Participant: 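Got a structure for you, questions after.
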Amino acid sequence: MKFSTRAIHVGQEADPTTGATIVPIYQTSTYTQERVGEHKGFDYSRTVNPTRLALERQLAALEDGRYANAFASGMAATSAVVGLLSSGDHVVAGDDLYGGTYRVFTHVFRRYGIEFSYADTSDLEAVRAAIRPTTKLFWLETPTNPLLKIADIAAIAALRTGEQIVVVDNTFATPYFQRPLALGADVVVHSTTKYIGGHSDVIGGVTVTNDAALYDRIRFMQNSVGAVPGAQDAWLTMRGAKTLAVRMREHARNAQVVAEFLQGRPDVSRVYYPGLASHAQHEVARRQMSGFGGMVSFVLDDTARAMELAHSLKYFSLAESLGGVESLICHPARMTHGSIPTEQRERRGISDGLLRLSVGIEDAADLLEDLRTALDRTAAPATVGLR
Ligand SMILES: *Cc1c(COP(=O)(O)O)cnc(C)c1O
């Protein structure tokens with residue numbers, strides 16, 4: 001079965017009791033048993049719920065994985081995976097992570113004695129150098145957020161020895177464009193809040209793996225810690241995921257056009273998009289991705305102008321998050337990455353002039369017109385008074 005077909009059919013069989021074509025929202029916490037301990041496979045909804053199960057089967061299929069666990073948020077999925085570790089264990093993580101991931105590593109898991117090293121995962125030697133005898137896990141994002149750097153998943157997975165777990169946060173690429181498990185990763189994590197849900201109306205997360213033992217351990221965390229999505233949220237995510245393929249094609253097409261437009265502007269000093277030949281890891285991206293996604297970042301030298309541009313667009317809402325059908329713009333230094341200390345942030349290239357776009361699936365001509373108008377309006381300081 002091909003990708004689009006899996007998205008629409010796996011886990012989506014007609015309801016056995018009523019024939020409902022669409023998986024119902026099983027809004028129930030518990031299930032009536034026929035005799036003590038005798039039930040239809042469902043006993044309590046933290047442990048298992050039919051709507052959530054349908055979502056898990058659908059999302060596992062999209063990653064070409066055998067097992068998935070759905071969570072109440074991407075951070076809950078992340079925490080369940082890192083929660084497999086014990087005090088004294090070490091993690092090699094990317095140095096350009098989602099801000100919330102960095103925050104939970106630094107301010108929660110470090111208190112439990114788990115140690116983290118941050119390396120530029122687009123540099124294999126930097127990753128190798130960060131490995132310690134106690135390294136138990138590699139945490140990769142690719143493309144990274146917000147600089148859209150690319151990590152070579154297969155090359156990093158090949159560094160793994162023994163029981164080490166390679167985790168890829170595949171939120172930005174989505175399984176439509178990148179399948180980390182096939183490249184050697186052990187676990188894929190998503191914030192389904194973003195492209196998988198796709199409509200900016202529900203928070204969620206998922207883990208996917210082919211390893212039965214890892215699945216059992218993650219499932220144990222899911223049930224023990226209990227950060228599970230409710231049936232309504234699972235259903236919304238499932239509905240969104242059915243159209244992932246068509247949406248991603250449009251996101252990537254629009255993003256390429258936007259990136260090329262920005263690159264052609266002399267008043268934009270840098271553009272980051274893996275689909276540009278000028279991108280530092282364009283070749284790796286071409287090798288491991290089948291498309292380059294919908295995220296584009298760019299730099300304006302003048303910080304004040306960047307701040308003004310952020311709220312001057314008609315179709316790009318100034319908002320955190322990404323991956324919905326509507327276009328968004330954000331100022332990472334003050335918004336998504338505000339929890340990273342300034343000095344560290346700037347060292348990583350997240351300057352005050354950096355802007356990040358989540359390019360939506362509106363008509364590309366409208367998006368370009370919007371960007372052109374706002375860039376022209378904010379261009380020369382001398383014209384500010386004349387507007
Ligand atoms: C949003 C995001 C997360 C966190 O997911 P939530 O659903 O907001 O908890 C993790 N990783 C990446 C790359 C994200 O964009």
Side-chain angles (χ1 to χ4, degrees), residues 55 59 63 68-83 91 93-109 116 118 121 138-151 153 167-178 180 185 187-208 222 225-230 233-234 236-237 240-241 244 248 251 255 272 274 289 292-297 319-324 328-332 335-340 348 350 356-359:
L55 171 68
L59 298 186
E63 284 288 356
N69 288 107
F71 290 87
S73 67
M75 289 320 304
T78 296
S79 299
V81 174
V82 179
V91 176
D95 67 356
D96 187 30
L97 293 180
Y98 174 70
T101 300
Y102 177 79
R103 180 174 57 198
V104 79
F105 286 178
T106 308
H107 296 293
V108 179
F109 287 109
F116 296 87
Y118 298 94
T121 50
F138 294 84
W139 189 278
L140 310 177
E141 270 182 35
T142 180
T144 64
N145 175 21
L147 296 177
L148 303 161
K149 290 196 281 191
I150 304 292
I153 298 170
V167 185
V168 175
D169 180 336
N170 203 26
T171 301
F172 271 39
T174 83
Y176 185 66
F177 287 136
Q178 176 171 279
V187 181
V188 168
V189 168
H190 280 280
S191 167
T192 58
T193 311
K194 315 295 167 51
Y195 289 108
I196 288 180
H199 298 76
S200 306
D201 53 11
V202 59
I203 300 280
V206 72
T207 60
V208 184
Q222 180 193 36
V225 178
V228 293
D233 286 1
L236 274 170
T237 303
L244 184 63
M248 291 317 295
H251 279 296
Y272 300 96
M289 305 174 80
F292 305 109
M295 302 301 295
V296 177
S297 294
E320 302 206 357
S321 198
L322 60 115
L328 304 178
I329 185 166
C330 108
H331 185 269
M335 295 168 68
T336 49
H337 291 61
S339 56
I340 302 176
R348 292 188 198 171
I350 307 172
R356 187 191 79 180
L357 302 176
S358 173
V359 181

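Owing to the predicted nature of the structure, the values given are computational and were not obtained by experimental measurement. Just so you know, ligand 1 is whichever comes first in the structure, and atom 1 is the first atom listed for that ligand. Only this structure's heavy atoms are used, side chains among them; waters, hydrogens and symmetry mates stay out.
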Participant: Measuring centre to centre across the rings, with the benzene-like ring taken for any Trp, is W139 within less than 6.0 Å of F105?
Facilitator: yes

Participant: If I compare all heavy atoms of V208 with all of A68, which pair ends up nearest, and what's the gap?
Facilitator: CG2-CB, 4.1 Å

Participant: Report every pair formed by an N or O atom of ligand 1 and a protein N or O atom separated by less than 3.5 Å, giving atom names and the distance to 0.1 Å.
Facilitator:
| residue | atom | partner | partner atom | Å |
| --- | --- | --- | --- | --- |
| ligand 1 | 5 (O) | S191 | OG | 3.0 |
| ligand 1 | 7 (O) | G74 | N | 2.9 |
| ligand 1 | 7 (O) | S191 | OG | 2.8 |
| ligand 1 | 7 (O) | T193 | OG1 | 2.7 |
| ligand 1 | 9 (O) | G74 | N | 3.1 |
| ligand 1 | 9 (O) | M75 | N | 2.9 |
| ligand 1 | 11 (N) | D169 | OD2 | 2.7 |
| ligand 1 | 15 (O) | K194 | NZ | 2.7 |

Participant: On a heavy-atom basis, which atom in P146 and which in S297 lie closest, and how many Å separate them?
Facilitator: O-OG, 2.6 Å

Participant: Show me, pair by pair, the donor-acceptor contacts under 3.5 angstrom made by side chains of residues 194-206, not counting sequence neighbours?
Facilitator:
| residue | atom | partner | partner atom | Å |
| --- | --- | --- | --- | --- |
| K194 | NZ | S191 | OG | 3.4 |
| H199 | ND1 | G197 | O | 3.0 |
| S200 | OG | E326 | OE2 | 2.6 |

Participant: Please find the pair of heavy atoms, one from E320 and one from T336, that lie closest to each other, and give the distance.
Facilitator: OE2-N, 3.7 Å

Participant: Within 45 degrees of the ring normal and closer than 6.0 Å to the centroid, is that where the cationic atom of R348 sits relative to Y102?
Facilitator: yes

